[in-house]
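The chains referred to below are lettered A, B, ... by the order of the sequence lines, with proteins before strands, and numbering in each begins at 1.
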Amino acid sequence: MEYLPTTRHLLRAKDLADARYAEPLTVSEMARAAGLSRAHFSREFRRAFGEPPHTYLLTRRLERAAALLRNTDWQVLEICLSVGLTSVGSFTSSFKSAYGISPTVYRAAFPPATERAMVPLCVQRIYGRPKHSTFGEDRGSGRG
Amino acid sequence: MKISTAQLWVHDQDEALAFYTEKLGMEVRSDVTVPEFGDFRWLTVSPPGQEDVAIVLMAIPGAPVMDDATAGQVEDLMSKGFAGTVFLTTDDVKASVEELKGRGLEFTQEPQEVPYGIDSAFRDPSGNNLRLTELRGDFG
């Protein structure tokens, strides 16, 4: 079997966090992906990447949540669930300790998502037209 | 000039969102509903790490944007698989295909050697064709 350095196995776990953060992924599953015991994995991961795997996974989720707060009109609960977290309470407190403000205050600091969404002018022109355009002009046609 | 966003018609935006994110692993780049445009929903997704290019998952509109007959034609073309194709690339198509099959995707073409690499294909729930290709070194 081909020899692979430990860091390659650790990178596999890191890639797993990047790819599957939206699922209920745990550090134990990351350790399994690296083929190491959980305690050994956590130590080695920290040595290789400078932070514990739990922190990496959590900040990956928080970074995605922040992007969704800026660029969507989803509810905070929906965003929390969509990044693989299940408790809105712990999401809010983790977010606050990472960004210094709550998710709702963070969102309010940016322009509304509808303004950031860059809905193109062609869509605005087409979809912005009023639905009913019968102003009576047809009734008069053919007369006079 | 660069490609920023390209549009794909979808039958149902929620269904498409679930497919492109949960099954395919893409990320939401934008999802807003605009009441003043008749609740038009601008929904875009793209792969992780490729934030400057996105696919708009666009619902087929009703009147007055599109008359019923035209909307029916678009729906028809889409469900027949003729409305559009997205070409995706991956470093390891066989591993990607196995992973996607594990998430319930059904492939319409298993990985197959072609002059430019290894090619495979599947469909989204609306019937749109998606190709997943591992490009050979000199094509990548």
J.: I'd like to know if L24(B) and V10(B) are part of one continuous hydrophobic network [Ile/Leu/Val/Met/Phe/Trp/Tyr, side-chain heavy atoms within less than 4.5 Å].
T.: yes

J.: So do V28(B) and N71(A) actually touch side chain to side chain, heavy atoms under 4.5 Å?
T.: no

J.: Can you tell me which of V123(A), T114(A), D73(A), T72(A) forms the most heavy-atom pairs within a distance under 4.5 Å of chain B?
T.: D73(A)

J.: Examine L57(A) and L16(A) and state if one hydrophobic cluster contains both, with Ile, Leu, Val, Met, Phe, Trp and Tyr joined whenever side-chain heavy atoms are less than 4.5 Å apart.
T.: yes

J.: Pick whichever of E22(B), R29(B), E36(B) has the most heavy-atom pairs under 4.5 Å with chain A.
T.: R29(B)

J.: Kindly work out whether a path of hydrophobic side-chain contacts (I/L/V/M/F/W/Y, heavy atoms less than 4.5 Å apart) joins L57(B) to V74(B).
T.: no

J.: Which atoms of M58(B) are under 4.5 Å from chain A, going by heavy atoms: the side chain, the backbone, both sets, or neither?
T.: side chain

J.: Are the aromatic ring centres of Y127(A) and F37(B) under 6.0 angstrom apart?
T.: no

J.: At a 4.5 Å cut-off on heavy atoms, which part of A67(A) comes close to chain B: side chain, backbone, both, or neither?
T.: neither

J.: Report, as yes or no, whether the 6.0 Å neighbourhood of atom CG on D39(B) holds more than 12 heavy atoms from other residues, nucleotides or ligands.
T.: yes

J.: Should V105(A) and Y99(A) be regarded as members of a common hydrophobic cluster, given that ILVMFWY residues are connected when their side-chain heavy atoms come within less than 4.5 Å of each other, either directly or indirectly?
T.: yes

J.: Could you walk me through whether R64(A) and E51(B) pass the salt bridge (Lys or Arg N to Asp or Glu O under 4.0 Å) check?
T.: CA-CA 12 Å; R64(A) 283 293 84 207; E51(B) 299 185 17; 3.7 Å; yes

J.: Do I101(A) and V76(A) sit in one hydrophobic cluster, given that two such residues count as connected whenever their side-chain heavy atoms are within less than 4.5 Å of each other, even indirectly?
T.: yes

J.: Salt bridge or not between R60(A) and E27(B)? Use side-chain N to carboxylate O under 4.0 Å.
T.: yes

J.: Quick check: are there more than 12 heavy atoms from other residues, nucleotides or ligands sitting under 6.0 Å from NZ of K101(B)?
T.: yes

J.: Check this for me: I3(B), atom CD1, are more than 12 non-hydrogen atoms of other residues, nucleotides or ligands nearer than 6.0 Å?
T.: no

J.: Return yes when atom CZ of R46(A) has more than 12 non-hydrogen atoms of other residues, nucleotides or ligands closer than 6.0 Å, and no otherwise.
T.: no

J.: Which atoms of R70(A) are under 4.5 Å from chain B, going by heavy atoms: the side chain, the backbone, both sets, or neither?
T.: neither

J.: Considering only heavy atoms and a distance below 4.5 Å, find which of A63(B), P48(B), S30(B) pairs most often with chain A.
T.: S30(B)

J.: Would you say that more than 12 heavy atoms from the other residues, nucleotides or ligands in this model lie under 6.0 Å from the CZ of F110(A), or not?
T.: yes

J.: Does the distance from a Lys or Arg side-chain N to an Asp or Glu carboxylate O, for E23(A) and K23(B), drop under 4.0 Å?
T.: no

J.: Rounded to the nearest 0.5 Å, what separation is found between the CH2 atom of W42(B) and the CE atom of M118(A)?
T.: 8.0 Å

J.: Counting only heavy atoms closer than 4.5 Å, note whether A22(A) contacts chain B via side chain, backbone, both or neither.
T.: neither

J.: Is it the side chain or the backbone of I126(A) that comes within 4.5 Å of chain B heavy atoms, both, or neither?
T.: both

J.: Nearest heavy-atom pair of A117(A) and V32(B): which atoms, and what distance?
T.: CB-CG2, 3.4 Å

